[in-house]
Amino acid sequence: MKIASFNVNSIKARLTNLTDWLKEATPDIVCLQELKCLDEAFPRSEIEDLGYNVATHGQKTYNGVAILSKLPLEDVTRGLPGDDGDDHARYIEAVVSANGTALRVASIYLPNGNPVGTDKFEYKLRWMDRLIDQTAKLLSYEEPLALAGDYNVIPTADDVHDPAAWANDALFRPETRAKFRELVNLGLTDAFRACHTEAHRYTFWDYQAGAWAKDNGIRIDHILLSPQAADLLTGSDIDRNVRGREKPSDHVPIWAELDFG
DNA sequence: ATGCCGGGCGAAGCCCGA
């Protein structure tokens, strides 16, 4: 069972890039972020034609998340609990039956939070509190769970090309990283880090300033696993080459392989 | 690089991303 996450930075602008990658990588489940379109504008038939079931939580212009799955999607829920006044489409959750075992998956687009010192940063930290609460609830089920998405969090200095340059950025601030540790310390496993210890492996390169050519990247897209899912982990990697193609997103896909037998 | 690129919106130039 190959589970992937990909921030596409507009599903409409990225459709060919996405379908090319789907055909070659053949993931079973894909969590998408930054659709930037309403549910009715999602290119559903183009994705379904590749053998995927589709659940979307879209929004006009900004945000928007989805889950694609070759297995049927059950119990789909949209929106992160904890704040009825939050209208950003940043969270969708569903359950698939993997060889008789229930696997819960969430696609996460955590707020950017810049600039620090504004209500945007406070929104990010409060959103992380809500994600911690939701994750604690899901972990209490003691079942396989994968939380995959764009966390907009650089976990450590090994995950950024120039830590000093990012010191005051919302993605790398101590408060942000502390919240991320609080989340992981509930008992989650960073799938990529469980399989790779080397520094400077990135999932995002800015469109500007030749960031891709210079490998000035950051690792901010993560797949976090419950203990019951981590026990099944057999591999994880970043599909870095996708960044070098025509009309790329500024993020690339990441994936984790779980062996359900 | 508090915006160099790229996308949305909407039809020029601003908002947003990380």
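Residue numbers begin at 1 in each chain, while the letters A, B, ... track the order of the sequences. Remember, it's a predicted structure, so these values are computed and weren't measured experimentally.
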Using whole Å, what does the distance between atom [atom2] of nucleotide [N] and atom [atom1] of [X] come to?
X	N	atom1	atom2	result
A:Phe204	B:dC16	CZ	C1'	12 Å
A:Asp221	B:dG17	CG	P	15 Å
A:Arg243	B:dC5	CZ	C1'	9 Å
A:Asp169	B:dC16	CG	C1'	14 Å
A:Asp206	B:dG3	CG	P	13 Å
A:Asn63	B:dG17	CG	P	8 Å
A:Asp250	B:dG3	CG	C1'	13 Å
A:Leu171	B:dT2	CG	C1'	15 Å

Pair A:Glu143, A:Ser226: side-chain N/O donor-acceptor within cut-off below 3.5 Å: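 On atom types as modelled, these side chains do not qualify, holding no pair under 3.5 Å.
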Under 3.5 Å side-chain donor-acceptor pair for A:Thr56 and A:Asp39: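 Yes.
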Ring pair (Phe, Tyr, Trp, His ring centres under 6.0 Å) involving A:His196 - partner list, sequence neighbours excluded: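 A:His196: ring pair (Phe, Tyr, Trp, His ring centres under 6.0 Å) contacts with A:Phe192.
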Residues in ring pair (Phe, Tyr, Trp, His ring centres under 6.0 Å) contact with A:Phe172, at least two apart in sequence or another chain: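 With neighbours one apart ignored, the set is empty.
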Counting any heavy atom closer than 4.0 Å, what does [X] reach on the DNA or RNA strands: base, sugar-phosphate only, or nothing?
X	value
A:Tyr109	sugar-phosphate
A:Asn114	base
A:Asn216	nothing

Within residues 136-156 of chain A or reaching into it, pairs that qualify as ring pair (Phe, Tyr, Trp, His ring centres under 6.0 Å) - sequence neighbours excluded: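 For residues 136-156 of chain A: A:Tyr151-A:Phe180, A:Tyr151-A:His222.
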Qualifying ring pair (Phe, Tyr, Trp, His ring centres under 6.0 Å) pairs, either residue in residues 11-70 of chain A, two or more places apart: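 Listed by first then second residue: A:Phe6-A:Trp21.
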Distance between [atom1] atoms of [N] and [M] (Å, rounded):
N	M	atom1	answer
B:dG17	B:dA11	C1'	22 Å
B:dG10	B:dG6	P	23 Å
B:dC14	B:dG3	P	13 Å

Salt bridge (Lys or Arg N to Asp or Glu O under 4.0 Å) pairs, two or more places apart, involving residues 97-110 of chain A: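 Those involving residues 97-110 of chain A are A:Glu93-A:Arg104.
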Pair listing, salt bridge (Lys or Arg N to Asp or Glu O under 4.0 Å) test, anchored in residues 251-261 of chain A, at least two apart: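 Those involving residues 251-261 of chain A do not exist here.
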Any N/O pairs under 3.5 Å between the protein and nucleotides 6-10 of chain B? List them or say none.
unit_1, atom_1, unit_2, atom_2, d
B:dG7, OP1, A:Arg14, NH1, 3.3
B:dG7, OP1, A:Lys247, NZ, 3.3
B:dG7, O3', A:Ser10, OG, 3.2
B:dG8, OP1, A:Ser10, OG, 2.5
B:dC9, OP1, A:Thr61, OG1, 3.2

Upstream residue (5' side of DNA chain B) when A:Ala209 and A:Pro115 are each assigned their closest nucleotide: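 On the 5' side of the pair lies A:Ala209.
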Under the salt bridge (charged side-chain N to carboxylate O under 4.0 Å, His left out) test, residues paired with A:Glu74 that sit two or more places apart: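 None.
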Residues from residues 120-131 of chain A lying under 4.0 Å of DNA chain B - heavy atoms: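 Contacting residues: A:Lys120.
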A:Arg78 side, atom CZ; A:Ile67 side, atom CD1 - distance, nearest 0.5 Å: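 Here the interatomic distance stands at 9.0 Å.
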